[in-house]
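One structure, as structure tokens, below. Some questions next.
Residue numbering restarts at 1 for every chain, and letters A, B, ... go by the order of the sequence lines.
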Number of protein chains: 2
Amino acid sequence: MAAMAGVSLSTVSRVVNGQGVDADLTANVQRAVELLGYRHNHAAGSLRRSNGLSATIGLIGEDISDPFFAAFHRGAEQVARERSVVTFAASSDGSPEYEREIIETMLGRRVDGLLLLPTGKDHSYLRRDVATGTGLVFVNRPPKTIDTDCVFTDHRGGARRAIEHLRAHGHERIAFVGPGADAGFGAAERLAGYREGMAGLEEDIVVNGDLEPLVTGPEPPTAVFSAQNLITVEVMRTLFRLGLDRIVAHVGFDDIPLRGPIAPPVTMVSHDAVALGRAAAELLFSRLDGFNGRAREVVRETTLIERGTGELQPVS
Amino acid sequence: MAAMAGVSLSTVSRVVNGQGVDADLTANVQRAVELLGYRHNHAAGSLRRSNGLSATIGLIGEDISDPFFAAFHRGAEQVARERSVVTFAASSDGSPEYEREIIETMLGRRVDGLLLLPTGKDHSYLRRDVATGTGLVFVNRPPKTIDTDCVFTDHRGGARRAIEHLRAHGHERIAFVGPGADAGFGAAERLAGYREGMAGLEEDIVVNGDLEPLVTGPEPPTAVFSAQNLITVEVMRTLFRLGLDRIVAHVGFDDIPLRGPIAPPVTMVSHDAVALGRAAAELLFSRLDGFNGRAREVVRETTLIERGTGELQPVS
DNA sequence: CTGTTAGCGCCTTCAC
DNA sequence: GTGAAGGCGCTAACAG
């Protein structure tokens with residue numbers, strides 16, 4: 001041990017942890033550290049340390065390469081970094097079994113907490129860990145089987161806002177293009193927001209697949225709301241191909257934050273995944289800092305970015 | 001300890017690690033584990049375990065929210081997962097000091113190896129760790145100050161191929177639009193590839209900023225190669241705005257893998273970041289498995305995806 | 001301010 | 001096949 005090179009033993013520990021040590025001895029220790037290429041073993045430390053924290057948190061989502069998840073991860077990292085906490089990240093691939101496996105692997109690595117974009121339905125198996133002090137924050141899906149903190153994007157409000165925006169520009173026949181209500185919590189919320197926004201109008205128009213038959217049909221919509229990014233691109237293409245891109249109004253929901261500008265631009269309901277990540281991490285760390293109140297729910301608002309397509313007037 | 005609930009002590013260890021234990025005792029232990037909510041502490045284990053591995057690796061890049069990094073991360077995760085290895089990921093933000101800080105934090109967490117998309121110039125401080133058995137793979141930048149494995153995207157070959165493609169379609173005046181040669185290793189390589197591809201022609205045309213003066217000038221190029229994704233979008237826009245999008249041929253370099261299709265489509269030199277991540281992780285694990293040969297270099301080829309804009313004939 | 005001692009949770013070696 | 005003892009690297013509590 002560096003004790004040989006220096007002159008002390010647990011003084012090394014104090015130096016490493018920056019506690020009050022004589023300047024000369026500190027220098028000696030540092031020299032020995034340098035010489036022997038010593039690396040502090042954090043894990044061994046937390047085995048004995050009073051708080052027992054590993055300064056590690058885990059993030060789990062369906063697919064870590066998804067730009068939404070990546071941005072979320074970035075936000076969480078920003079607040080973790082201030083505490084010298086490192087982040088694990090792993091993909092569940094949409095499999096509840098695999099999700100559980102990853103969670104247990106991370107728990108075995110003694111993460112201090114988990115930021116979970118859940119796939120499975122039942123997470124009651126986490127109750128014991130939460131009771132033991134492990135942090136847990138659900139993201140964008142409500143924790144049904146366990147009472148814990150969560151953060152949300154306001155999918156419903158964002159979708160409603162898009163519809164209100166179109167109505168403010170005179171539209172009444174507004175189509176919703178998106179996955180069905182069974183495509184997960186966010187999608188269902190967006191559809192619900194659409195319905196709320198359409199309140200008082202005669203007809204909801206919900207399209208699941210191809211938009212073309214509708215817009216070329218007898219009673220076409222004057223505006224379209226696309227509820228997800230890939231669908232937004234499809235709608236763009238379809239309208240462009242049919243020469244309707246300056247005629248039918250279009251607002252998209254920014255499900256996946258696209259990197260950089262897309263040509264041509266589309267009016268978007270955008271949500272800030274980095275901020276969502278920050279909010280989630282902050283919730284987690286407040287628990288680790290000892291906050292012990294009831295489960296909290298943080299809702300992050302969306303922003304509507306006008307880019308021209310959502311501001312077209314209806315053409316009859 | 002579960003020893004109380006069951007009947008044994010270090011038998012628990014054997015059960016957890018799946019070694020030969022009597023079926024009855026195994027059942028007893030598992031019941032106790034269930035009852036007490038016991039979680040295996042992996043870190044404590046690797047303190048004493050013969051190989052001493054933490055089953056953890058770290059990835060470090062400039063920005064974990066960058067879609068390229070995220071896809072790379074995904075690839076690495078795929079191969080790590082097969083070994084129940086978890087991945088740390090962190091952003092260096094382009095700061096060498098911060099990069100080093102993160103690396104040392106991860107080393108303190110006893111990662112078995114590092115996949116590094118380097119920012120700093122000097123990584124000689126890692127030599128000792130590599131000598132001690134820590135894996136290290138450089139990604140997309142050559143390890144100058146340390147002798148270690150690395151994986152590359154063939155930026156140079158991809159760019160050359162784009163130019164050859166355009167030449168095969170009859171072009172001779174081909175402009176390079178991109179960052180200068182000082183914008184990092186990849187960018188410099190792409191410029192070099194452009195120059196190689198242009199060999200034998202009269203004039204290299206290298207543009208750093210706005211393309212408009214060139215294409216509206218006296219001797220406009222008949223084709224454009226854009227060396228980076230955001231620049232590709234800019235070029236698309238410029239050509240579209242000037243009504244040249246069906247006249248000037250265009251090939252882009254897929255620096256950042258865009259999620260989903262972009263409208264309108266552009267012929268692209270594309271590289272597979274997931275495969276790059278897999279390759280890097282495979283190099284790392286082969287070292288951890290005991291491979292001890294010389295430093296290897298893996299080069300991943302790019303693919304040219306024809307989408308129409310790169311196949312336009314020159315118009316004089 | 002520094003050294004000593006004990007023990008975190010686990011795995012290994014050795015006896016049985 | 002199983003139990004007992006020792007120690008991985010570190011920090012806490014105590015004594016000096």
Side-chain angles (χ1 to χ4, degrees), chain A residues 1-33 35-56 84 104-112 128-129 132-134, chain B residues 1-33 35-56 84 104-112 128-129 132-134:
Chain A
M1 182 31 154
M4 308 304 275
V7 251
S8 42
L9 168 101
S10 72
T11 305
V12 172
S13 176
R14 292 189 249 261
V15 170
V16 170
N17 295 339
Q19 293 169 23
V21 176
D22 179 88
D24 277 1
L25 288 191
T26 304
N28 279 5
V29 171
Q30 282 169 343
R31 202 174 314 122
V33 162
L35 224 65
L36 305 184
Y38 165 85
R39 287 263 182 233
H40 182 69
N41 187 330
H42 186 93
S46 47
L47 213 54
R48 200 68 181 75
R49 207 184 347 260
S50 45
N51 66 21
L53 269 61
S54 64
T56 295
S84 308
E104 303 205 314
T105 303
M106 289 193 180
L107 258 11
R109 297 293 189 297
R110 283 298 184 276
V111 291
D112 301 329
R128 187 139 42 189
D129 298 274
T132 323
T134 306
Chain B
M1 182 30 154
M4 308 305 273
V7 252
S8 42
L9 168 101
S10 71
T11 305
V12 171
S13 178
R14 293 189 247 262
V15 171
V16 170
N17 295 340
Q19 293 169 22
V21 177
D22 179 89
D24 277 2
L25 289 192
T26 304
N28 279 5
V29 171
Q30 283 170 343
R31 202 175 313 122
V33 162
L35 225 64
L36 304 184
Y38 165 84
R39 287 262 183 233
H40 183 69
N41 187 332
H42 186 92
S46 45
L47 214 53
R48 200 70 180 73
R49 205 182 352 257
S50 43
N51 66 20
L53 293 166
S54 64
T56 296
S84 308
E104 304 205 313
T105 303
M106 288 192 181
L107 258 12
R109 298 292 191 295
R110 283 295 183 277
V111 291
D112 301 329
R128 187 139 41 189
D129 298 275
T132 323
T134 307

Spell out, as yes or no, whether a donor-acceptor pair under 3.5 Å connects the side chain of A:Arg109 to the backbone of B:Ala55. yes

Atom pair distance, as rounded to whole Å: CG in B:Asn28 and C1' in D:dG1: 15 Å

Rounded to whole Å, how long is the line connecting atom CZ of A:Arg39 with atom P of D:dC10? 12 Å

Side chains of B:Glu104 and A:His40: closer than 4.5 Å at any heavy-atom pair? no

CG of A:Leu53 versus P of D:dC10: gap in Å, rounded? 19 Å

Taking B:Ser46 for the side chain and B:Ser54 for the main chain, is one N or O donor matched with an acceptor at less than 3.5 Å? no

Taking every non-hydrogen atom, the tightest pair across A:Arg128 and B:Leu36: NH1-C, 4.1 Å

Under the 3.5 Å Watson-Crick or G-U criterion, the dot-bracket string of DNA chain C, with | for inter-strand pairs: ||||.|||||||||||

Mapping B:Thr11 and B:Arg110 to their closest nucleotides on DNA chain D, which lands nearer the 5' end? B:Thr11

To the nearest angstrom, the CG-C1' distance between A:Asn51 and D:dC10 comes to 14 Å

Measuring from A:Asp129:CG to A:Met106:CE, what's the distance to the nearest 0.5 Å? 13.5 Å

Is any side-chain heavy atom of B:Asn41 less than 4.5 Å from a side-chain heavy atom of A:Leu47? yes

About how many Å separate CG of A:Asp112 and OG1 of A:Thr134, when rounded to the nearest 0.5 Å? 8.0 Å

Please report, rounded to the nearest Å, how far the C1' atom of C:dT12 is from the CG atom of B:Asn17. 11 Å

For B:Gln19 and C:dC11, what is the distance between atoms CD and C1' respectively, to the nearest whole Å? 9 Å

Return the CG to NE2 distance between B:Leu107 and A:His42, rounded to the nearest 0.5 Å. 14.0 Å

Tell me which residues in residues 40-49 of chain A lie within less than 4.0 Å of DNA chain D, going by non-hydrogen atoms. A:His40, A:Asn41, A:Ala44, A:Gly45, A:Leu47, A:Arg48, A:Arg49

Provide, to the nearest angstrom, the distance between the CG atom belonging to A:Asp24 and the P atom belonging to C:dC1. 13 Å

With respect to the phosphate group of C:dG3, does any side-chain polar atom (N or O) of A:Ser10 fall under 4.0 Å of OP1 or OP2? no

Categorize A:Val21 for me: base, sugar-phosphate, or nothing, with a 4.0 angstrom heavy-atom threshold over every strand shown. sugar-phosphate

For C:dC11 and B:Ser13 - does any side-chain N or O of the residue sit under 4.0 Å from the phosphate oxygens OP1/OP2? yes

Separation of atom CZ in A:Arg14 from atom C1' in C:dG3, rounded to whole Å: 8 Å

B:Arg31 side-chain N/O to B:Thr26 backbone N/O, donor-acceptor pair under 3.5 Å: no

